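See structure below.
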2 protein chains.
Amino acid sequence: MLKSLANKPEKAAGEAEAAGPQPPTASLHGEVLTRLRDYIVEGNLADGDRVPERELCALFGISRTPLREALKVLASEGLLDLLPNRGARVRALTKRDLTELFDVMGGLEGLAGRLACENITDEQLAEIEGLHYEMYACYLRRDLHGYFQYNQKIHQKIVAAAGNAILASTYASFAGRLRRVRYSANLARERDRWSEAMREHEAILDALRRKAGQELSDIMFHHLRNKRSALAGGDEN
Amino acid sequence: MLKSLANKPEKAAGEAEAAGPQPPTASLHGEVLTRLRDYIVEGNLADGDRVPERELCALFGISRTPLREALKVLASEGLLDLLPNRGARVRALTKRDLTELFDVMGGLEGLAGRLACENITDEQLAEIEGLHYEMYACYLRRDLHGYFQYNQKIHQKIVAAAGNAILASTYASFAGRLRRVRYSANLARERDRWSEAMREHEAILDALRRKAGQELSDIMFHHLRNKRSALAGGDEN
DNA sequence: AAGAAAATTATTGAATTCATTTTTTCCGTT
DNA sequence: AACGGAAAAAATGAATTCAATAATTTTCTT
């Protein structure tokens, strides 16, 4: 295991980079955190796996101190469990977690829709319309993968159009947590309500055009709630 | 500065507690984090103050390593800024931060109201009714402080009644961030719309009784939005 | 040979150490 | 006296070290 993501495989400290004039910033500040989060979100570790400190230190070319700082942060984000004296483990989302997460995402996206109606520019709206039609094209040709891509982009753009940075970062954090599960078989169940979801997206675009914030807020929540329901029939956890 | 919160002023390591059979857990795990967060949230440091690592280490009786881990977590929560090579500072909420936070709180409380209508028990509803009338009594006798207390409790109880742990912890995190500002002069402006707020709370309780989730969601958002507007007239930041 | 106990090894949590960077102090110049 | 810059002091960031705890292996007993 441990996919090769390393840039400096070993002996990071003590030897200067022979390479050219790198920007003097590039500090490991959020760097380690981001790399480790990506590493976990991208699914390099399985649910429940213990996080191998020493291996990751070697992989990232750092000592345990900054790595453990990142572990604490990721635990506070809900990505890891911290077991006293027995290290960090990748937190497996229970069915309940999933349910709760989808509702919270629904609340956040509902808020995003409402605020987007207040703040969206014509350009942003046009961009979302474009994505919507691309997505519709995917739907027509039964391209589920493409559909998901555009779908996600549309949701992201609506959040962006809300113009609320705190909302955006909160949304991104939860989306990351869901991403570990997003591409699993569970999500393929969305296919069963594909046409329904497509109709919901028509309603979303319509409400957004009319700047009907309250209505859009409601549609967004129910859109997520329906997605949640499609999953709730699942069997695991 | 540095209020005396210490339990073990010094030499924490290396000497066993003479006291009785403490649970073998009690590890400093979330302990340092919680203590530091409380310390900051309670306003022991002013906006923009640098966080005095060494002093807090002495105060908490720990070394820099666990303290810095906590600093990273609190920075990721938005309570601190981490400046490369020049330490952590208490993040001052800009007016924009405040605006955004209130909207996000509005979204979360709207969600909480909606879910509460789905999940609230009769006991929980009765408890909220009780708090509501206590709050109303404070309003009648112009007890602003008491009013705030009950107000906060009601909002917390609605969030709790939603029965979504992830929502609850997210809400708590943002509430903590607002708490630093909550008791400031800014909030006294609420007095100007006291009767309006009181009416809104009547509507909240009414919708909750009728389990009108969609309606309550909307009321909650606007309730927060109105509170936000009462602040928006402010002058600083 | 199976299971229990002991010893060994590895891992974890936290203190300490060390190089680097920033901040402050001190001193000389104008 | 004000300014600029060198030297000293303090802080930060990260590696290393160390005690504790947990996991593993080995040895002993039956």
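Keep in mind that this is a model prediction, so the values were computed, not measured. Chain naming here is simple, since letters A, B, ... match the order of the sequence lines and numbering starts at 1 in each.
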Starting at atom [atom1] of [X], determine the distance to atom [atom2] of [N], rounded to an integer number of angstrom.
X       : N      : atom1 : atom2 : value
B:Glu69 : C:dA14 : CD    : P     : 7 Å
A:Phe60 : D:dA15 : CZ    : C1'   : 18 Å
B:Arg68 : C:dG13 : CZ    : P     : 18 Å
A:Asn85 : D:dA22 : CG    : C1'   : 8 Å
B:Leu83 : C:dT23 : CG    : C1'   : 14 Å
A:Glu53 : C:dA14 : CD    : C1'   : 12 Å
A:Lys72 : D:dA14 : NZ    : P     : 16 Å
B:Leu67 : D:dG13 : CG    : P     : 12 Å

Please name the residue in the list A:Ile158, A:Leu111, A:Leu108 that meets the side chain to side chain contact (heavy atoms under 4.5 Å, CB included) test with A:Met220.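 Result for side chain to side chain contact (heavy atoms under 4.5 Å, CB included) with A:Met220: A:Ile158.
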For nucleotides 16-18 of chain C, list the nitrogen or oxygen atoms of the protein found under 3.5 Å from its nitrogen or oxygen atoms, one pair per line.
residue: C:dT16; atom: O4; partner: B:Thr65; partner atom: OG1; Å: 3.3

Got a sec, which residues hit side-chain hydrogen bond (donor to acceptor under 3.5 Å, both in side chains) with B:Arg68, two or more places apart in sequence or on another chain?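 So B:Arg68 forms a side-chain hydrogen bond (donor to acceptor under 3.5 Å, both in side chains) with A:Glu69, B:Glu53.
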Listed partners of A:Arg54 passing side-chain hydrogen bond (donor to acceptor under 3.5 Å, both in side chains), at least two apart: none
Kindly indicate, with the supporting measurements, whether the criterion side-chain hydrogen bond (donor to acceptor under 3.5 Å, both in side chains) is fulfilled by A:Tyr171 and A:Glu109. CA-CA 8 Å; A:Tyr171 178 83; A:Glu109 296 211 27; 3.1 Å; yes
Selected nucleotide, minimal atom distance to A:Ile62 side chain, candidates C:dT11, D:dA11, D:dA15: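 Nucleotide nearest to A:Ile62's side chain: D:dA15.
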B:Asp49: partners by salt bridge (charged side-chain N to carboxylate O under 4.0 Å, His left out), with sequence neighbours left out: none
Working for side-chain hydrogen bond (donor to acceptor under 3.5 Å, both in side chains), residues A:His155 and A:Asn151: CA-CA 6 Å; A:His155 285 272; A:Asn151 187 332; 3.0 Å; yes
Mind checking ring-ring contact (aromatic ring centres under 6.0 Å, His included) for A:Phe221 and listing every partner two or more places apart, or none if nothing turns up?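 For A:Phe221 there are no ring-ring contact (aromatic ring centres under 6.0 Å, His included) partners, ignoring immediate neighbours.
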Quantified as the angle between the terminal helix axes (five pairs each), what is the overall bend of the helix from C:dA1-D:dT30 to C:dT30-D:dA1 to 10 degrees?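 What I find for the helix from C:dA1-D:dT30 to C:dT30-D:dA1 is an axis angle of 20°.
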Tell me whether the side-chain N/O atoms of B:Arg86 come closer than 4.0 Å to OP1 or OP2 in C:dT23.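 Yes, because at least one side-chain N or O of B:Arg86 sits under 4.0 Å from OP1 or OP2 of C:dT23.
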Using atom types as modelled and distance alone, determine if a side-chain donor or acceptor of B:Ser173 lies under 3.5 Å from a backbone N or O of B:Ser169.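 A pair under 3.5 Å: no.
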Any side-chain donor near an acceptor of the partner, A:Thr94 and A:Asp97, under 3.5 Å: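 Yes.
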